[in-house]
Protein chains: 2
Amino acid sequence: MSERIVLIEDDRELGAQIVAHLSRAGYQVELKTEGTFPIPADFQGVSLVILDLMLPGLGGMDILKHLRTFSDVPVMVLSARNNTSDKVRALKMGSDDYMTKPFWPEELVERVRARLRRPNLQKTGPLTVAGVCLDASRRTATAGGAGIELTRVEFDILASLMRRPGEAVTRQWLVANVLDPDKDSSERTLDVHVSHLRRKLGKENIIETVWGIGYRAGKGGSR
Amino acid sequence: MSERIVLIEDDRELGAQIVAHLSRAGYQVELKTEGTFPIPADFQGVSLVILDLMLPGLGGMDILKHLRTFSDVPVMVLSARNNTSDKVRALKMGSDDYMTKPFWPEELVERVRARLRRPNLQKTGPLTVAGVCLDASRRTATAGGAGIELTRVEFDILASLMRRPGEAVTRQWLVANVLDPDKDSSERTLDVHVSHLRRKLGKENIIETVWGIGYRAGKGGSR
DNA sequence: TTCATTCTTAAGATTATCTTAATCCTGACC
DNA sequence: GGTCAGGATTAAGATAATCTTAAGAATGAA
């Protein structure tokens with residue numbers, strides 16, 4: 001069983017070439033040549049997405065943006081555009097790498113390997129920890145069966161914790177990655193959001209403080 | 001407190017420039033201008049290493065190779081060499097990214113952000129010595145199967161000892177690396193933490209005193 | 001624009017943790 | 001066994017991290 005990669009590439013020749021190289025390296029590749037809206041089902045169990053930005057129909061950036069609403073799968077962007085602002089935009093939008101065309105397939109394969117040798121824990125389905133359940137694609141949450149309303153930041157904090165149940169997530173990481181990264185917000189701000197979250201979760205509160213480190217969703221001590 | 005990045009760059013001007021950009025983005029950067037052998041202590045708690053390959057003394061590749069013998073910290077390589085075989089070699093050797101000089105600092109900053117927004121799971125499995133088990137990512141500890149609550153310093157002391165089972169770790173090292181580095185605390189303080197640790201470990205106590213040196217986790221004599 | 005929502009900051013209260021100081025204990029050496 | 005330096009323990013004050021509340025700033029929709 002090998003890792004699954006989705007390649008979104010309209011240039012059939014280049015696409016076939018990339019597929020060939022990645023297959024030879026032992027990966028299972030699905031080639032999509034149409035720029036259509038991504039749907040969650042297509043990305044279940046996928047370890048990596050390689051996305052060409054220059055698509056005729058739906059732009060690559062739109063695909064990336066939409067994909068990120070429901071999935072954290074690593075995305076490598078391919079593009080002929082080699083200027084910094086394009087790269088910065090794609091990376092800001094949530095891509096993990098940006099390769100400029102033309103490139104040698106050997107480099108692509110190595111970058112894929114480098115990416116996949118690190119464990120990635122993207123989850124596409126609903127996240128559940130104890131009595132709390134999050135649906136990333138709908139951005140809805142329930143606690144003890146009852147729906148609760150979360151703001152963007154609250155949702156993202158809780159999702160970040162629940163993606164790695166039991167693990168301690170540092171305050172710095174949450175501040176840098178959940179709050180607006182361009183303004184450096186204080187850790188007090190994070191406290192406030194967590195405080196609100198806990199109140200909304202009520203008796204289903206699953207957020208533990210890890211003193212001196214950060215927070216954790218779900219029991220860490222008992223295992 | 002922010003995430004720590006180590007930048008290994010011999011070109012002082014470029015180094016200073018990168019430091020400035022990363023600092024502005026909220027990271028805590030340590031610049032090393034010498035190509036010396038990396039030692040584990042310098043990379044404790046470091047989230048990312050940025051390594052320039054073209055160093056006069058020890059080559060960047062050697063540093064990378066040696067670093068990988070004891071650490072899984074993400075490494076971004078910078079290099080003036082733009083050919084595929086160099087890139088492939090660096091990626092194969094365990095680097096996570098490869099940026100070709102010259103580049104715009106904005107792109108570097110975004111790549112750093114993209115890298116660090118993914119949780120940095122150092123692949124450290126749980127540490128086990130005798131009946132004591134530590135999980136670094138969860139920050140949890142068990143002794144004889146039962147969970148125990150450790151404070152930050154207690155956890156870090158115990159982890160430092162258990163990372164080198166049977167080896168004596170000096171008191172000075174522990175004071176300098178585990179206790180708050182901004183204040184130089186006395187060795188008496190360390191005693192107190194060790195005392196607390198021992199009490200919490202109870203009959204599973206694995207901390208031995210090495211008279212005149214420091215401490216050791218697990219049997220020294222029998223191994 | 002205006003309003004409603006969300007995000008952020010400030011300040012004080014609260015608590016866990018760290019450190020110090022004082023005292024007692026232990027092992028090495030004579 | 002006595003001595004002494006290094007180590008252990010305890011309790012208590014100092015410090016630092018976190019929580020909460022409330023209010024101001026930003027954002028976005030109508």
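Worth knowing before you read on, the calculation uses all heavy atoms, side chains too, and leaves out hydrogens, waters and symmetry mates. Just so we're on the same page: letters track the sequence lines, and every chain starts at 1. It should be emphasised that the depicted structure is a prediction, and the values quoted were computed from it without experimental measurement.
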side-chain contact (heavy atoms from CB on, under 4.5 Å) partners of [X], counting only residues at least two apart:
{"X": "Thr140(A)", "result": "Asp135(A), Arg138(A)"}
{"X": "Val192(A)", "result": "His196(A)"}
{"X": "Arg152(A)", "result": "Arg139(A), Asp156(A)"}
{"X": "Gln17(B)", "result": "Leu14(B), His21(B), Pro105(B)"}

Whole-Å gap separating [atom2] ([N]) and [atom1] ([X]):
{"X": "Arg216(A)", "N": "dT18(D)", "atom1": "CZ", "atom2": "C1'", "result": "16 Å"}
{"X": "Lys200(B)", "N": "dT17(C)", "atom1": "NZ", "atom2": "C1'", "result": "9 Å"}
{"X": "Leu174(A)", "N": "dC7(C)", "atom1": "CG", "atom2": "P", "result": "15 Å"}
{"X": "Arg198(A)", "N": "dT18(D)", "atom1": "CZ", "atom2": "P", "result": "10 Å"}
{"X": "Leu179(B)", "N": "dT15(D)", "atom1": "CG", "atom2": "P", "result": "16 Å"}
{"X": "His193(A)", "N": "dT18(D)", "atom1": "NE2", "atom2": "P", "result": "16 Å"}
{"X": "Glu149(B)", "N": "dT17(C)", "atom1": "CD", "atom2": "C1'", "result": "13 Å"}
{"X": "Ile207(B)", "N": "dG7(D)", "atom1": "CD1", "atom2": "P", "result": "15 Å"}

Separation of Ile148(A) CD1 from Arg199(A) CZ (nearest 0.5 Å):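 One gets 13.0 Å once the value is rounded to the nearest 0.5 Å.
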* Look at Arg12(B) together with Asp52(B) and state whether they make a salt bridge at an N to O cut-off of under 4.0 Å. =>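 Salt bridge flag = no for Asp52(B) with Arg12(B).
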Would you tabulate the nitrogen or oxygen pairs shorter than 3.5 Å linking the protein to nucleotides 21-25 of chain D?
from    : atom 1 : to        : atom 2 : distance (Å)
dT21(D) : OP2    : Arg199(A) : NH2    : 2.8

How bent is the helix from dT1(C)-dA30(D) to dC30(C)-dG1(D), comparing axes over its five end pairs at each side, to the nearest 10°?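 Angle reported: 40°, given to the nearest ten degrees.
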(Q) Does Arg163(A) qualify as a cation-pi partner of Trp173(A), given the criterion of NZ or CZ under 6.0 Å from the six-membered ring centre and within 45 degrees of its axis? (A)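 Ring-cation test returns no.
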| request: Could you identify which residues of residues 150-157 of chain B place a heavy atom less than 4.0 Å from some atom of DNA chain C, listed by residue number, or say none? | output: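 DNA chain C contact set from residues 150-157 of chain B: Thr151(B), Arg152(B), Val153(B).
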Given Asn82(A) and Lys87(A), is the side chain to side chain donor-acceptor pair (under 3.5 Å) satisfied, shown in steps?
CA-CA 7 Å; Asn82(A) 192 16; Lys87(A) 295 180 184 176; 3.2 Å; yes
Ignoring backbone atoms, establish whether [X] has a side-chain N or O less than 4.0 Å from OP1 or OP2 of [N].
{"X": "Thr209(A)", "N": "dC19(D)", "answer": "yes"}
{"X": "Tyr215(B)", "N": "dA8(D)", "answer": "yes"}
{"X": "Arg171(A)", "N": "dA17(D)", "answer": "no"}

Close side-chain approach of Met93(B) to Val75(B), heavy-atom, < 4.5 Å: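 Of all side-chain heavy-atom pairs linking Val75(B) with Met93(B), none is under 4.5 Å.
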Taking the side chain as every heavy atom from C-beta outward, state whether Glu204(A) and Thr142(A) have any atom pair closer than 4.5 Å.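 Glu204(A) vs Thr142(A): side chains apart.
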Partners passing side chain to side chain donor-acceptor pair (under 3.5 Å) against [X] (at least two apart in sequence or in another chain):
{"X": "Gln172(B)", "value": "none"}
{"X": "Lys65(B)", "value": "none"}
{"X": "Glu30(A)", "value": "Arg4(A)"}
{"X": "Arg111(B)", "value": "Asp97(A), Asp97(B), Glu107(B)"}

Please produce a list of atom pairs where a protein N or O lies less than 3.5 Å from an N or O of nucleotides 24-30 of chain C.
none

